[in-house]
> 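For reference, the structure I am asking about is given below.
Order of the sequence lines fixes the chain letters, A, B, ..., with proteins taken first and strands second; residue numbering starts at 1 for each chain.
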Amino acid sequence: MGDDEDWTEKYRPTTIREMEGNTPQVRSIRQWLEGWAGNGLPKKRGILLSGPPGVGKTTVAKAVASERGWAIIELNASEERNAASIRRAATRGSQHISLDLFAGGSVPDGKTIILLDEVDHLAGGFTKISEERIGKSLSPDEDATSISGDSGGKAELMNLLEVSKQPVIMTCNDPMRLWGGGRSWRMNRDRVLRLADMVQFKRASANDMRKIAYRILDEEGVKIDPGALEEIISGNPGDLRALVRDIQAASTLAAGFITVDEVKGLSSVSIRDSQIDVFRAMKEIYASRSGSEASEILRNSDKDPDQMLAWFSWNNLSVFNARGLSAISEAMEMADKSLATKFTNRAFRSWYWGSALTSQAAVSQKPITTDPYLGYPDFLRRGGESWRTINVVTTMAESLSTSRSSFREELWPLILAVHDGALGGDPLDFSLAIKMGLGVEEHLSLHGIAKSSRQGKDVIKKFEELENQDRIPELVVEDSVTIPSTDEPEIKGRQFTLDSF
Amino acid sequence: MSELWVERHRPRTVDDIKGQKQVVDRLKAYAEKRSFPHLMFAGPPGTGKTTAAIALARDVFGDDYRRNLLEMNASDERKLESIRTKVKQFARTAPVPGTTFKVIFLDEADALTPDAQGALRRIMEQNAQTCRFILSCNYSSKIIEPIQSRCAVFRFRPLADDQVRSMVVSVAEGEGINLDEDAADAIVHVSLGDLRKAITSLQVAASMDEHVSREIVYETTATAPPEELHRFFLACREDGFQPARRRLRELLDRFGLAGTDLVNQLHRGLGDVPFLTEGQKLSVTQTMAEADFRMVEGGGEALQLDAMTARLCTLLSPEMKS
């Protein structure tokens, strides 16, 4: 057995031929690369590979590069990726046709593939950073003004996609994260897809996984009970890396032959989170007759109380009738309140009440013994905790770096007064909202206009027009206002107009 | 008495770890081969995650394992930037001569921001030859999927009562403490499957008296024994507000409980109350959560507890059954 080595690296395919699954996807990547051969310059300079982890996105990028004998440079999330560093590493180099300077080892006439791994983890926004600041950051002697973190990373990515003379391959798990969860995600998506094709990778099929497993086991000289292999495969739906990892784990104990028992013992302690069946836990709780039993199940479900509350409040709707819902509604509300106080008061034990109430509420009604229809909560789909919308006070307190309470006491009344229609506040004057970095929803709430009302919709439309105009990529916008924090969207001097009255 | 017993009795090698048999068997195999892949330990507090990680490192590298181990927990700075600098640097440098790799132990990894976790991904892969990661967390759902996909995952279960009990008894023997049978049970009851809590409770109780009795355990851990809690529920049902209130005061004084502690323990006792339907228990839970919430938010303890008692008397009175 290859002792120290990590099998997932050892058996990472280096050529296309060794790869399994996702054949049409791989074909379209090769076709796109074909367009670069010779002195070709395809319309779209980039390609975005999106898909779940462990299906071979990074691997395919490296394999197509080696297939053509082209060099590859990689920029992943473990490096700083702000506007300046992307420019330094990629954009500048990508301008040269002859690349011997840029990366050695490329065949004559070859290209250098720029691989931007995990672009969904680019922390910076789409807002451009002024050329002046990038320039300063690039020159070595002026470190005082250098850009920190990932500021402007996505904007520079867009720039790279526009001007690159080398193929740019990006990978991501969740394109939604790349577009950003904000209100302008559609626009961001369209902007990226104008410059890059998206190729969606699928989870590997059981058949592909079988082939890979046998190939590796053959090479390692380990035999496996076919049943044991099926067990491992069903435990790792479509994740090739996890598959290889588990085979290696199982073979450390087995002396040359992996048995079903071996795998079962392993899987009883080593379930990955994606496999934990929340649905089964919920079904058990709904069928349970005692609150203490239910909290025990909840405690072993490995979802934190915030998530469980979300799961239950969503599914209660389809499981209980109106009377049942009204009977437990107060308890669910109390659970939510308890969980929220964890943030405001650092009272971590309030978690206890969050889960105790959630589970007790679920068993307080008649036990559900039939197979209930359970669904994934819609508001969790976009990931993270974005469903807890940040309110005006929090946003503003953060952007002004003051405490929430002092903001509420001292500034809030003034801001409300400025927005008050009776005192001449104008819902279409966005200057304040933009200056303070508020979104249109917060702007509306300041004016007390419902989002769904006609006036609300008008305002949203105007606001978005203004934003689009602001984000035209060709514009080089000067920093007219200095803002200490580089993570905040830059504020530009000329845009608080559109006061059409 | 100068040392914490949890530290003194922490298992030094993987072999010494009691409980978590499934996990330990596999870790032993790693220890024998003196090599392991990236690992992720998930489970509630006090179930042996940190112990297992350190013991494994000691088994693999010997006693000066510290030179090959970078331990970072939530008390260290672990923003995106420090992952990119500190962790990456450590991962890149060569291991101590005579060893083939080094270990980074990220304790409480669920407290890492998603961006910091994102930065970890490629570090884990690119440096896998020279550096292995061990991540520990309470909720594995807080760890992004791509990282889980790179790790062999081990789940630590809450320890069973008899496991906690036998550990407590053996520590007591080692320390020369006279531990009553029912005192051991009380410690198990108090610890809720958290071995660290159990051993600390034992040490605190033993600091009062070398002969540890059930009463001392409950008093020193500020825990009301189950039968006392049950008596309070009974009083609410049978005797009405004033007697119930007296019981509550007595509990507070005798066991030195804070209001929120008492409410919490009352709720844990609720499961054993036979005369309530699940619907009633929901109302009771809600009342308790409300009282706890108000006290946490700054409400007066005496007033809130009295209000809660009054509500409980109404909820529990036999007429409410319908």
Side-chain angles (χ1 to χ4, degrees), chain A residues 3-6 8-9 52-54 76-80 117-118 121 123 149 173 239 241-242 245-246 248-249 252-253 265-266 268-274 289-292 299-300 302-304 307 327-328 330-331 334-335 337-338 341 345 347 349-350 352-353 356-357 360-361 363-364 384, chain B residues 20 22-23 25-26 29-30 33 35-38 42 44 80-81 83-84 88 100-101 114-115 118-123 125-126 128-129 138-143 145-146 148-155 157-158 260 264 267 270-271 278-279 281-283 285-286 288-290 292-293 296-297:
Chain A
D3 245 313
D4 290 338
E5 226 174 332
D6 182 349
T8 55
E9 285 302 318
N76 60 56
S78 72
E79 273 121 344
E80 215 176 51
D117 227 351
E118 302 145 20
H121 280 276
N173 296 127
D239 187 338
R241 179 167 31 219
R245 174 93 47 211
D246 281 356
Q248 187 174 13
T252 49
L253 275 188
L266 182 69
S268 68
V269 288
S270 68
I271 318 166
R272 282 187 183 77
D273 182 50
S274 59
R289 276 156 219 276
S290 103
S292 15
R299 204 134 44 92
N300 283 324
D302 193 51
K303 291 263 180 265
D304 66 39
Q307 287 169 307
I328 61 169
E330 273 184 49
M334 188 66 232
K337 233 157 78 176
S338 289
T341 190
N345 285 314
R349 215 181 33 214
S350 310
Y352 175 82
W353 297 108
L357 279 165
Q360 187 71 48
V363 297
S364 69
Chain B
Q20 311 291 1
Q22 299 275 21
V23 175
D25 280 354
R26 278 172 179 79
Y30 291 143
K33 300 181 63 181
S35 164
F36 51 87
H38 298 312
L80 181 56
E81 298 307 323
I83 293 288
R84 279 176 180 165
K88 201 169 176 182
T100 48
F101 64 93
D115 282 329
L120 267 183
R121 304 163 50 168
R122 283 299 281 165
I123 302 180
E125 261 176 11
Q126 286 174 331
Q129 282 294 340
N138 291 139
Y139 293 107
S140 68
S141 50
K142 295 260 157 161
I143 305 289
E145 204 186 333
Q148 296 194 37
S149 143
R150 285 166 174 77
C151 293
V153 183
F154 290 94
R155 282 183 192 282
R157 306 258 166 244
T260 52
N264 213 276
H267 184 259
L270 185 65
E278 292 301 324
K281 281 183 186 169
L282 179 62
S283 315
T285 309
Q286 199 183 320
M288 291 175 171
E290 181 78 46
D292 183 81
F293 176 75
V296 167
E297 293 273 312

> Before you tell me yes or no, could you show the steps for A/Y352 and B/D292 under side chain to side chain contact (heavy atoms under 4.5 Å, CB included), namely the whole-Å CA-CA distance, both residues' side-chain angles and the distance that decides it to 0.1 Å?
CA-CA 11 Å; A/Y352 175 82; B/D292 183 81; over 6 Å; no
> Among A/A335, A/A331, A/A356, which residue has the highest count of heavy-atom pairs closer than 4.5 Å to chain B?
A/A331
> If I measure from the heavy atoms of chain B, does A/S292 come under 4.5 Å with its side chain, its backbone, both, or neither?
side chain
> With no hydrogens and no angle check, is any side-chain donor or acceptor of A/R245 less than 3.5 Å from a backbone partner on B/R150?
yes
> Counting only non-hydrogen atoms closer than 4.5 Å, does B/P44 touch chain A with its backbone (N, CA, C, O), its side chain (CB onward), both, or neither?
neither
> Please report the closest heavy-atom contact between A/L357 and B/T285, naming both atoms and the distance.
CD2-CG2, 3.6 Å
> Taking every non-hydrogen pair under 4.5 Å, which of B/M288, B/Q20, B/E125 racks up the most with chain A?
B/E125
> Give the intermediate values and the outcome of side chain to side chain contact (heavy atoms under 4.5 Å, CB included) for residues B/R122 and A/D117.
CA-CA 9 Å; B/R122 283 299 281 165; A/D117 227 351; 3.6 Å; yes
> Of all residues at least two apart in sequence or in a different chain, which pass the side-chain hydrogen bond (donor to acceptor under 3.5 Å, both in side chains) check with B/E278?
A/Q360
> Do you know the tightest heavy-atom contact between A/N173 and B/P146?
OD1-CG, 3.3 Å
> So, using side-chain hydrogen bond (donor to acceptor under 3.5 Å, both in side chains) as the criterion, who are the partners of B/S283 when residues are at least two apart?
none
> Could you have a look at A/A327, A/P52, A/S290, A/G54 and say which one has the most heavy-atom pairs with chain B under 4.5 angstrom?
A/S290
